[in-house]
Amino acid sequence: MPELPEVQTIVDGLNQQVAGATVVGVSCDWKKMISVETENVSPNGAITLRSEKTWKKFESMVVGKKIKNVERKGKFIVFNLSENVHINAHLIVHLRMTGHFLIITPEKRKDTKNAIHEKVNQYIHFQMELSDGRIIALSDLRKFAKIAIAKKSDIDRIIIVGQDPLNKEFTLEKFRKIFKDKRGNVKQILMDQSLIAGIGNIYSSEILWEAKISPLAKIENLDDKEMKSIFNAMKKVLKLAIKMRGSSESDYRDVDGNEGGYQKIHKVYKREGKECFRKDGGIIKRIKIGQRSTFYCCKCQI
DNA sequence: TGCAGTGTTGCTTC
DNA sequence: CGAAGCAACACTGC
């Protein structure tokens, strides 16, 4: 569920609150989510940590390090860890479906009643304790989230993502170029992380409504004008969603445990059977594209 | 009550 | 080889 706007909101929160902090301990009760990336492994790179020995390796690469800063790459969150001044390890996290980070202060730890979203505590499967007593916790109901520790030389092998939609250098011209030789329906192509990174099921529907393009339209049939409206809609929708601190359909929370606000202004997502906000007499339809629910207005999206 | 459906990704199958 | 299906997991709602 966390797509670009949600991940960006989390990364901004982490940067504001924990950049510069030192990790003094890590714990995990679901070690399947952890991997250690080393230069010696091939071809997928990951060693799954099942033994205590490999967990110790992970621990040794994180504990005692300073969180220099936190970055977003597509839907990935990267904690840049440093010893002295040089960044020497990257903690890479993908939240998948239901993962989210929470920063738990010592006060909140004591105050169990008011602490966090009450149902969240039991889903915390990974924690990093900071020297000031705060905890960075990863809550994940479905346990799909992935955490990897990697050296700089391994990072590009793990994070393979395309253009960032909100990068100022990502122009309309580059956008057109990426799709020039691509085939297939536009919705699935917008969600292809190796082309453009960060758009998922919710925002692809929202962007295509904004652009007045059917999710079933074939990318190879779209003209320049239509490609331009998708490009503009993409930037507009994602920027506004970040401003609203993301969409909370179910589990998503920001690092302080608060819901986002964008779900309140979804134009099509989960609005099946309702009137189109364009007041064009259209009713929002729900279809399946590649096993995923897709929402669109049958009147204005052609 | 039980089973289909739920944001994502990646591996397997055809 | 590319597209489609399904598994990973736990909960909700019909």
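Note that this is a predicted model, so its numbers are computed, not measured. Lettering follows sequence order; numbering is per chain, from 1.
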What is the nucleic acid contact for A:S247, judged by heavy atoms within less than 4.0 Å: base, sugar-phosphate only, or nothing?
-> nothing

OP1 or OP2 of C:dC9 less than 4.0 angstrom from a side-chain nitrogen or oxygen of A:R96, does that happen here?
-> no

What integer distance in Å separates A:I202:CD1 from B:dT8:P?
-> 7 Å

Could you tell me whether A:K75 contacts a base, only the sugar-phosphate backbone, or nothing, with contacts defined as non-hydrogen atoms closer than 4.0 Å?
-> sugar-phosphate

In whole angstroms, the gap separating P of B:dT8 from NZ of A:K73 amounts to 21 Å

Find the distance A:Q193:CD to B:dT9:C1' and express it as a whole number of Å.
-> 9 Å

Provide, to the nearest angstrom, the distance between the CG atom belonging to A:D251 and the P atom belonging to C:dT12.
-> 10 Å

Examine B:dG5: is either OP1 or OP2 under 4.0 Å from a nitrogen or oxygen in the side chain of A:S293? Give yes or no.
-> no

Check every strand shown and say whether A:Y269 touches a base, only sugar-phosphate, or nothing at a heavy-atom separation below 4.0 Å.
-> sugar-phosphate

Any side-chain heavy atom of A:E169 sitting closer than 4.5 Å to one from A:Q163?
-> no

For A:E3, answer base if it contacts any base atom (sugar-phosphate contacts may also be present), sugar-phosphate if it contacts only those atoms, and nothing otherwise; contact means non-hydrogen atoms under 4.0 Å.
-> sugar-phosphate

Considering Watson-Crick and G-U wobble pairs with both distances under 3.5 Å, what does C:dC9 pair with?
-> none

Would you check if there is a donor-acceptor pair between the side chains of A:N221 and A:E226 at a distance under 3.5 Å?
-> no

Nearest-Å distance, CD1 (A:I199) to P (B:dT9)?
-> 12 Å

State, without any angle test, whether A:E3 and A:Y252 hold a side-chain donor-acceptor pair at a distance under 3.5 Å.
-> no

When you compare B:dA4 with C:dG5, how far apart are their P atoms, in angstrom units rounded to a whole number?
-> 16 Å

Using a cut-off of strictly less than 4.0 Å, decide whether A:Y123 has a side-chain nitrogen or oxygen near OP1 or OP2 of C:dC9.
-> no

Can a side chain N or O of A:H94 be found less than 4.0 Å away from OP1 or OP2 on B:dT9?
-> yes

A:F144 side chain: which of B:dG5, B:dT9, C:dA8 is closest?
-> C:dA8

May I ask you to check whether A:D12 and A:Q8 show a side-chain donor-acceptor distance below 3.5 Å?
-> yes

Any side-chain N or O of A:K143 less than 4.0 Å from the OP1 or OP2 oxygen of C:dA8?
-> no

Compare the minimum distances between each of C:dC6, C:dA8, B:dT9 and the side chain of A:Q291, then state the nucleotide with the smallest one.
-> C:dC6

Which nucleotide in B:dT6, C:dC9, C:dC11 has an atom nearest any side-chain atom of A:Q122 | C:dC11

So, A:Y269 versus A:Y262, ring centres under 6.0 angstrom or not?
-> no

Using a cut-off of less than 4.0 Å, is there contact between a side-chain N or O of A:K146 and OP1 or OP2 of C:dC9?
-> no

Looking for any heavy atom pair under 4.0 Å, which part of the strands does A:K270 touch: base, sugar-phosphate only, or nothing?
-> nothing

Whole-Å distance between B:dG10 P and A:R142 CZ?
-> 16 Å

Kindly check if the number of other-residue, nucleotide or ligand heavy atoms within 6.0 Å of CD1 (A:I302) is above 12?
-> no

Quick one: A:F295 CZ to B:dG5 P, roughly how many Å, whole number?
-> 12 Å

Nucleotide C:dA4, atom C1' - distance to CG of A:N185 in whole Å = 13 Å

Taking atom P in both C:dC9 and B:dT12, what distance in whole Å separates the two?
-> 16 Å

